[in-house]
*Asks:* 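Right, I'll just put the structure down here and ask away after.
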There are 2 protein chains.
Amino acid sequence: MNIGDAAKASGISTKMIRHYEGVQLLPPAQRTESGYRQYTENDVRSLQFIRRARDLGFSIDEIRDLLSLWQDRNRPSRQVKALAAVHLETLDKRLQELQAMKSALEHLVHCCQGNDRPDCPILETLAGTGNDASDADASSAQRHRHGHRITGGAA
Amino acid sequence: MNIGDAAKASGISTKMIRHYEGVQLLPPAQRTESGYRQYTENDVRSLQFIRRARDLGFSIDEIRDLLSLWQDRNRPSRQVKALAAVHLETLDKRLQELQAMKSALEHLVHCCQGNDRPDCPILETLAGTGNDASDADASSAQRHRHGHRITGGAA
DNA sequence: CCTTGACCTTCCCACCGTGGGAAACTTCAC
DNA sequence: GTGAAGTTTCCCACGGTGGGAAGGTCAAGG
């Protein structure tokens with residue numbers, strides 16, 4: 001089975017299959033004499049495993065752990081559960097941040113007339129000119145912001 | 001005002017202030033003779049505007065648009081609202097994906113005993129060995145996946 | 001046999017937003 | 001004048017994904 005077929009069968013692009021091999025998420029694939037990667041049904045099952053884990057939002061590092069637990073017949077399910085629970089908390093955090101953004105923006109959009117006039121509560125709030133107390137003027141509230149902000153971006 | 005003070009006053013790191021200038025989100029700052037960037041109260045207001053927009057999850061590109069609408073006294077609030085509405089939809093999409101992940105994972109975690117035994121519905125589901133019909137075996141369902149997947153990752 | 005087209009290989013580059021750090025310089029207070 | 005804290009630019013990293021170039025391979029059809 002060439003990489004393209006494995007890609008179709010697993011739902012992971014050829015690009016990503018090679019990438020996963022590169023970051024050691026997968027062991028180096030077998031090669032034909034000419035250098036083509038060869039995959040077995042078993043390899044495809046690993047790929048599917050990875051895809052499903054990605055679909056649940058697990059990071060590469062977490063998937064590495066999941067895979068090794070999967071391979072280990074003597075794993076205690078406790079470990080799997082713990083790993084999943086940690087990820088669940090992460091998801092929850094993101095969800096909450098996102099939900100907060102949504103509510104705030106929803107409120108603003110709702111308040112904006114959306115006509116030909118220039119007055120706009122959305123801009124006013126962003127500018128800090130709004131009468132909205134929830135401004136959180138940074139000077140006072142230097143919150144952590146140490147990590148990743150939510151990926152709310154678009155375009 | 002040096003960049004550090006502007007950073008403190010706006011809640012944006014010096015790194016990011018320079019970056020925003022680099023990607024033309026901000027006009028090039030004034031400089032002292034020795035090359036230090038100088039900021040006015042007005043500049044700080046722009047920075048705060050940006051920070052608040054980022055806090056609502058707007059992308060750099062969207063903020064560029066928001067800034068120019070803000071500067072334009074004759075903007076129709078319709079335009080601002082439209083921009084915000086588009087972003088709102090994006091947020092909503094992400095929220096839904098995230099929510100779906102969370103529910104699915106929550107279910108699995110709930111089902112897993114989390115003891116010393118190796119049986120684990122989480123792994124079984126990822127492996128596709130689970131009796132869970134919601135498997136979505138890629139071979140049949142080559143969905144778009146053309147863009148960014150949700151940033152559910154951790155670690 | 002040779003061409004053509006579909007596949008494969010590696011390698012580098014892009015996105016988004018953010019931070020880290022090096023090497024050099026400036027400013028200020030002591 | 002010396003040292004500390006600020007600033008400058010530049011390059012590199014992360015996560016995960018895709019794009020594309022330049023080249024090799026394979027099978028089918030003329």
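Each chain gets a letter, A, B and so on, in the order the sequences are listed, and its residues count up from 1.
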*Asks:* Between A:Ile60 and B:Tyr39, which is nearer to the 5' end of DNA chain D once each is assigned its nearest nucleotide?
*Replies:* B:Tyr39
*Asks:* Where the side chain of A:Arg31 is defined as all heavy atoms beyond and including C-beta, which of D:dG16, D:dG18, C:dT9 is the nearest nucleotide?
*Replies:* C:dT9
*Asks:* Using a heavy-atom cut-off of 4.0 Å across all strands, would you classify B:Arg37 as base, sugar-phosphate, or nothing?
*Replies:* sugar-phosphate
*Asks:* If you compare every side-chain N and O of B:Ser13 against the phosphate oxygens of C:dT18 (OP1, OP2), does one of them come in below 4.0 Å?
*Replies:* no
*Asks:* Whether A:Ser34 contacts D:dC26 is assessed here as follows: a side-chain N or O lying under 4.0 Å from the phosphate OP1 or OP2. Is that the case?
*Replies:* yes
*Asks:* Considering only side-chain heavy atoms of B:Thr32, which listed nucleotide, C:dT27, D:dG20, C:dG19, is closest?
*Replies:* C:dT27
*Asks:* Can you tell me the distance, in whole Å, between the CZ atom of A:Arg18 and the C1' atom of D:dT17?
*Replies:* 14 Å
*Asks:* Are B:Arg52 and B:Asp55 within salt-bridge range, i.e. N to O under 4.0 Å?
*Replies:* no
*Asks:* Check the distance between C:dC25's P and B:Asn2's CG and give it to me in whole angstrom.
*Replies:* 19 Å
*Asks:* I'd like to know whether CD of B:Gln38 has more than 12 heavy-atom contacts from other residues, nucleotides or ligands below 6.0 angstrom.
*Replies:* yes
*Asks:* A:Met16 CE to C:dT10 C1': how many Å, rounded?
*Replies:* 17 Å
*Asks:* Specify the separation, in whole Å, of atom CE of A:Met1 and atom P of C:dC7.
*Replies:* 14 Å
*Asks:* Counting only heavy atoms not in A:Glu89 (residues, nucleotides, ligands), do more than 12 fall under 6.0 Å from its CD?
*Replies:* no
*Asks:* Using atom types as modelled and distance alone, determine if a side-chain donor or acceptor of A:Gln48 lies under 3.5 Å from a backbone N or O of A:Ala9.
*Replies:* yes
*Asks:* With a 4.0 Å cutoff (strictly under), does any side-chain N or O of B:Tyr20 reach OP1 or OP2 of C:dG17?
*Replies:* no
*Asks:* Specify the separation, in whole Å, of atom NE2 of B:His19 and atom P of D:dC10.
*Replies:* 15 Å
*Asks:* Is there a side-chain polar atom (N or O) of B:Arg54 under 4.0 Å from OP1 or OP2 of C:dT18?
*Replies:* yes
*Asks:* Using whole Å, what does the distance between atom C1' of nucleotide C:dT10 and atom CD1 of A:Ile3 come to?
*Replies:* 12 Å
*Asks:* In whole angstrom, what separates A:Ile17's CD1 from D:dT17's P?
*Replies:* 12 Å
*Asks:* Rounded to whole Å, how long is the line connecting atom CD1 of B:Ile50 with atom C1' of C:dG17?
*Replies:* 13 Å
*Asks:* Determine whether a donor-acceptor pair (one donor, one acceptor, N or O, separation below 3.5 Å) exists between the side chain of A:Lys15 and the base of D:dG16.
*Replies:* no
*Asks:* Looking at A:Tyr36, does any N or O in its side chain come under 4.0 Å of the phosphate oxygens OP1/OP2 on D:dG24?
*Replies:* no
*Asks:* Treat each ILVMFWY residue as a node, draw an edge where side-chain heavy atoms are under 4.5 Å apart, and state whether A:Leu26 and A:Tyr36 are in one component.
*Replies:* no
